[in-house]
Amino acid sequence: MKAQARTTLFSLIGKTLSTIPHHYRRPAAPRLLVIKPDHFGDVLLTSPAIHQLRTTWPRARITIAVSRQGAQVAHHIPSIDEVLTVAFPGLGREPQQPLVSRWLTLLSLAFQWRNKFDIAFLLRDDYYWGALLTAIAGIPERYGTATPLCAPLLTSTVPPQREHTTRHHLRVVALATATAVPPHWSPPYALRFTTSASPSQAQQLLHQHRLDAKRPFLLLHPGSGSPVKLWPTACWAIVIRHAFARYGLHTAVVAGQQEQRLAQQIGALAPDIVTTVPPLPLDALATLMQQATVVLGVDSGPSHLAAALDVPSIRLYGPADVHVYGPWADPVRHRSLQSPLLCSPCDRLFWDILDIPLASLCPAYHSRQRNDNPRRNPRSLQP
């Protein structure tokens with residue numbers, strides 16, 4: 001009943017706000033807003049779409065609105081002129097705001113953005129808070145995905161489709177640019193990430209962490225923001241020892257601040273051939289990664305960074321669908337392995353204690369979880 005009432009309300013709001021003003025004429029150098037209220041890897045996956053916007057409108061001003069976690073990578077994506085950090089409500093890692101605060105934030109942002117942008121692209125398909133924000137802000141052209149709550153608030157949409165996230169972003173952008181959308185990765189649509197480190201800085205970083213530039217090494221980033229994406233430390237130790245015995249590769253284990261215990265556990269299982277690197281700023285991580293022979297990891301932002309830097313990589317996928325969130329890169333140089341468990345891929349990153357055995361034993365339960373849009377933490381579905 002609550003969902004139906006919300007859909008009806010948004011339809012009424014959409015009928016009032018979704019039409020393009022008759023006096024509006026798209027300028028030759030439009031002011032573009034890209035909304036991507038997600039995290040590190042998700043923001044990096046928007047870079048081909050942003051490059052397409054810059055190619056279509058060389059003189060446009062491109063602004064991206066991202067979460068605090070996404071802002072660090074947004075500053076390294078070429079073609080972006082301005083990065084806005086927004087406390088988007090209802091998205092997992094951000095602290096949850098009281099209900100009144102969420103809507104006051106929306107009204108405040110809508111007031112700030114009024115008359116500031118000509119075109120908005122909502123690159124999270126079901127984020128109706130963002131769709132409503134662009135509509136109330138009066139942005140004349142608003143593009144996104146035809147999900148039930150977003151579609152009434154947008155001026156043009158693409159149908160939902162299970163495809164790679166980056167390709168979906170390109171489809172949304174193509175609504176305004178009228179450009180072709182590639183069926184899969186190709187060099188013109190590669191991920192893009194810029195780093196300013198010089199060769200001397202790279203050498204200094206290697207020396208600082210007891211790595212030899214003349215000795216090939218494997219960079220392992222085992223951490224992830226979701227515990228169900230992690231692989232057992234003992235399994236990583238087996239891989240590390242095999243890489244050393246077969247290829248002579250030492251290993252540098254890199255992890256974020258919250259993942260240091262995991263990195264230390266892996267290092268302790270093979271201390272003779274493993275260097276544990278403390279948390280690095282993003283630019284330093286990219287510099288170190290560029291020196292690696294190969295990058296190993298799970299479904300995480302640093303794995304997408306390896307693809308953007310075109311450092312050969314192998315990544316492991318558990319609940320997430322590799323066809324949607326896998327490497328957007330040369331398939332010869334970037335490989336992925338999907339878990340063979342019955343419940344995979346379900347795209348559900350937050351599980352109750354009984355969900356995993358039930359999903360493993362019962363296909364019907366697994367199907368129901370997928371149909372219930374299980375990708376998100378249930379506690380953060382409603383902003």
Side-chain angles (χ1 to χ4, degrees), residues 36 38-49 70 73 92 123-126 145 160-172 181-187 189-193 218-232 235-236 239 289 292 294-351 355-356 359-360 363 366-367 369-377:
K36 187 59 177 174
D38 292 289
H39 308 299
F40 179 165
D42 303 290
V43 174
L44 189 54
L45 291 174
T46 67
S47 57
V73 71
L123 297 187
R124 184 178 174 105
D125 54 7
D126 57 354
T145 309
Q161 184 173 314
R162 196 158 187 84
E163 61 187 344
H164 197 281
T165 301
T166 296
R167 185 175 189 274
H168 186 77
H169 297 339
L170 288 166
R171 282 207 299 138
V172 172
V181 179
H184 45 68
W185 175 88
S186 60
Y189 300 96
L191 301 183
R192 286 168 167 80
F193 182 94
L218 176 160
L219 188 146
L220 170 62
H221 193 289
S224 171
S226 173
V228 297
K229 293 183 179 181
L230 303 181
W231 207 41
C235 296
W236 282 125
V239 171
M289 191 174 283
V294 63
V295 174
L296 297 186
V298 294
D299 173 24
S300 67
S303 293
H304 292 302
L305 179 60
L309 298 172
D310 198 26
V311 179
S313 67
I314 302 173
R315 62 181 89 170
L316 308 181
Y317 282 77
D321 190 343
V322 67
H323 299 295
V324 178
Y325 306 105
W328 183 262
D330 183 349
V332 175
R333 293 172 58 82
H334 301 272
R335 305 295 181 92
S336 56
L337 300 171
Q338 181 86 56
S339 169
L341 292 174
L342 177 63
C343 57
S344 178
C346 66
D347 291 342
R348 186 174 184 182
L349 305 185
F350 299 87
W351 290 78
D355 282 338
I356 295 176
S360 299
H366 165 53
S367 299
Q369 294 302 310
R370 291 195 66 148
N371 293 335
D372 287 345
N373 193 14
R375 174 181 165 204
R376 243 166 254 88
N377 181 346

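In terms of heavy-atom proximity, Ala307 sits nearest to Ala329 at CB-CB, 3.8 Å. Between Val322 and Ser336, the closest heavy-atom pair is CG2-OG, 3.0 Å. When all heavy atoms of Tyr325 and Asp299 are compared, the closest pair comes out as O-OD1, 4.2 Å. Annotation for Val73 and Phe40: closest pair CG1-O, 3.6 Å, computed over non-hydrogen atoms. In this structure, Val298 and Pro222 approach most closely via the heavy-atom pair CG2-O, 3.8 Å. The minimum heavy-atom distance linking Val311 with Ala292 is given by the pair CG1-O, 3.7 Å.
Rounded to the nearest 0.5 angstrom, Gln338 CD and Leu316 CG are separated by 10.0 Å. Atoms NE2 and CH2, from His334 and Trp185 in turn, are 8.0 Å apart once rounded to the nearest 0.5 Å.
Note: Trp328 and His164 have tilted aromatic rings, judged against thresholds of 30 and 60 degrees for the angle between ring planes.
Qualifying side chain to side chain donor-acceptor pair (under 3.5 Å) partners for His168, counting only residues two or more places apart in sequence or in other chains: Thr145, Glu163, Arg171. The salt bridge (charged side-chain N to carboxylate O under 4.0 Å, His left out) check on Asp310 picks up Arg333, with sequence neighbours excluded. Residues satisfying the side chain to side chain donor-acceptor pair (under 3.5 Å) criterion with Tyr317, sequence neighbours excluded, are Arg315.
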query: Are Thr166 and Tyr189 close enough, and set up right, to give a side chain to side chain contact (heavy atoms under 4.5 Å, CB included), and what steps lead you there?
result: CA-CA 9 Å; Thr166 296; Tyr189 300 96; over 6 Å; no
- prompt: Can Asp321 and Arg162 be said to form a side chain to side chain contact (heavy atoms under 4.5 Å, CB included), step by step?
  reply: CA-CA 10 Å; Asp321 190 343; Arg162 196 158 187 84; 3.3 Å; yes
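Counting heavy atoms from C-beta on, the side chains of Leu170 and Pro182 come closer than 4.5 Å.
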